[in-house]
Structure formats: C-alpha cells, structure tokens
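The block underneath contains the structure these notes are about, expressed in structure tokens.
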Amino acid sequence: MAKVLGIEGSPRRGGNSDLLLDKFLEGAKSSGNTVEKIYACGLKIAPCDETNVCFKTGACRIKDDMVDVYKKLLDADHLVISTPTFFMGVPAQLKCMIDRCQALWAKRFILKEPLRDDEKERYGYLIATAGLNKAEAFIGTKQTIKSLFHVLGLKYKDELLIGGVDAKGDINKDKDALDKVFSLGKGIS
Ligand SMILES: Cc1cc2nc3c(=O)[nH]c(=O)nc-3n(C[C@H](O)[C@H](O)[C@H](O)COP(=O)(O)O)c2cc1C
C-alpha cells in the first residue's frame, strides 16, 4: 500500500477545500494506504528569493520549514493538493511552497540528478474550490499544479474542481462532491 501526502492550501481550517481533502484522505485510508496531511499555512516558508544558488547545489539555501516539506514531497508515493482559488490562482502561502520547489527543478533539470532512487510511478491529484461556478476559475491553479507535479515527477492523475462554493462549509451541501472525492482517494493502491 502507498504513502499518500495531502497538502491543504487554504488558510481557513475546516473550509471547503479542507473538508474535501479530509474526505479524500479518509478514502485513501479506507483502502489501506498511509496518509499524512500538512497545512501550507501552518508552516513558516519564506518565498523563493531567486539567488539561484540551487542551480549549483541542487538545494535551497533558505533553511526553514521547507526543509522538512522537501523530504515529505519526495518520500510520498502520491500527492494530493487541495486548495481554494484566490485571484484565479492558489493562496500565497501555498504558492511560496510551490516556488521553493525551484530547488528540485534545478536538481533535476540543471544538475540532471534524480530526485528519488526508484522509478516508481507516482501520482498527483488536484482538489480545488472556487466561488465562481465556471471552468475558467480553475485555469490558473491547474497550470501551476501541473507544473509542480511535472517537476516532482508525478503523473497528473485526477482532479475534482468544485465551483459555486463560498461560505465555510458550503461543500457539505454537495454530497455528490464529497462522495466523488472519497472514491478518488479510495482508488489509490
Ligand atoms: C482572497 C480571496 C480571493 C478569492 N478569489 C477568488 C477568485 O479569483 N475566483 C473565485 O472563483 N473565487 C475566489 N475566492 C473564493 C474562494 O475560492 C471560495 O470561497 C472557496 O470555496 C474557499 O475555499 P476554502 O473554504 O477552502 O478556503 C476568493 C476568496 C478569497 C478569500
């Protein structure tokens, strides 16, 4: 069975994307996987300062909570990111985490070093919520997350994009979305 890492991007605990992520992880756990959840907003992660030291070393020179996140990102078999839409993209705290993965990009694509020892197929999932009930609300987020998964060597496996939810807990009215996200998680083996 696999190790599944869930990353929550919203600063609102118990909000829509947080509840969806819990359901996904509940599903993953129900089929025997090990799950772990982290909140981007609960960590101290500085933004990338573009010194590009990582181009030479393959590692970020900033030593903060991201040190531990790098390990978790590479150790997980599969990754699920759950996030609200903020100004057509992801919240700043999650974006800081993603931008800091530039060090992994440098390691892989400039220094040509593998990120992991094995070549196991790893999957990435995206869960996203938005107030706007239109597909356009997710374009920015999808591009960003696809780019992150590419750098991490994850295959963009599946997504659940739910528009038209705004107030905290709105998602609880959408049983279909909660069932779908549970099944997505349950499908991981
Ligand atoms: C700062 C901020 C910016 C937002 N920007 C957008 C946006 O550009 N498009 C949109 O559809 N919804 C936007 N929203 C609404 C949230 O995406 C929506 O309420 C979402 O369900 C919140 O999820 P959460 O409860 O997981 O935080 C914004 C909300 C906030 C607080």
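Ligands are counted one by one from 1 in listed order, and the atoms in each one are counted from 1 as well.
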Only pairs at least two apart or in different chains count here, so list each ring-ring contact (aromatic ring centres under 6.0 Å, His included) that has a residue in [range].
range: residues 2-34; answer: Phe24-Tyr125
range: residues 43-98; answer: Phe55-Trp105, His78-Tyr123
range: residues 164-189; answer: none

Taking any residue with a non-hydrogen atom under 4.0 angstrom from an atom of ligand 1, which ones do you get?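 Within 4.0 Å of ligand 1, the protein residues are Ser10, Arg12, Gly15, Asn16, Ser17, Pro84, Thr85, Phe86, Phe87, Met88, Thr129, Ala130, Gly131, Leu132, Val165, Asp166.
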
What distance do Gln102 atom CD and Asp49 atom CG have between them, rounded to the nearest 0.5 Å?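 So the CD of Gln102 and the CG of Asp49 are separated by 11.5 Å.
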
Rounded to the nearest 0.5 Å, what's the gap from OG1 on Thr141 to CE on Met88? Could you check?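 Between atom OG1 of Thr141 and atom CE of Met88 there are 9.0 Å.
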
Check Asp18 with Lys37, please: is the shortest side-chain N to carboxylate O separation under 4.0 Å?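 Salt bridge: yes.
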
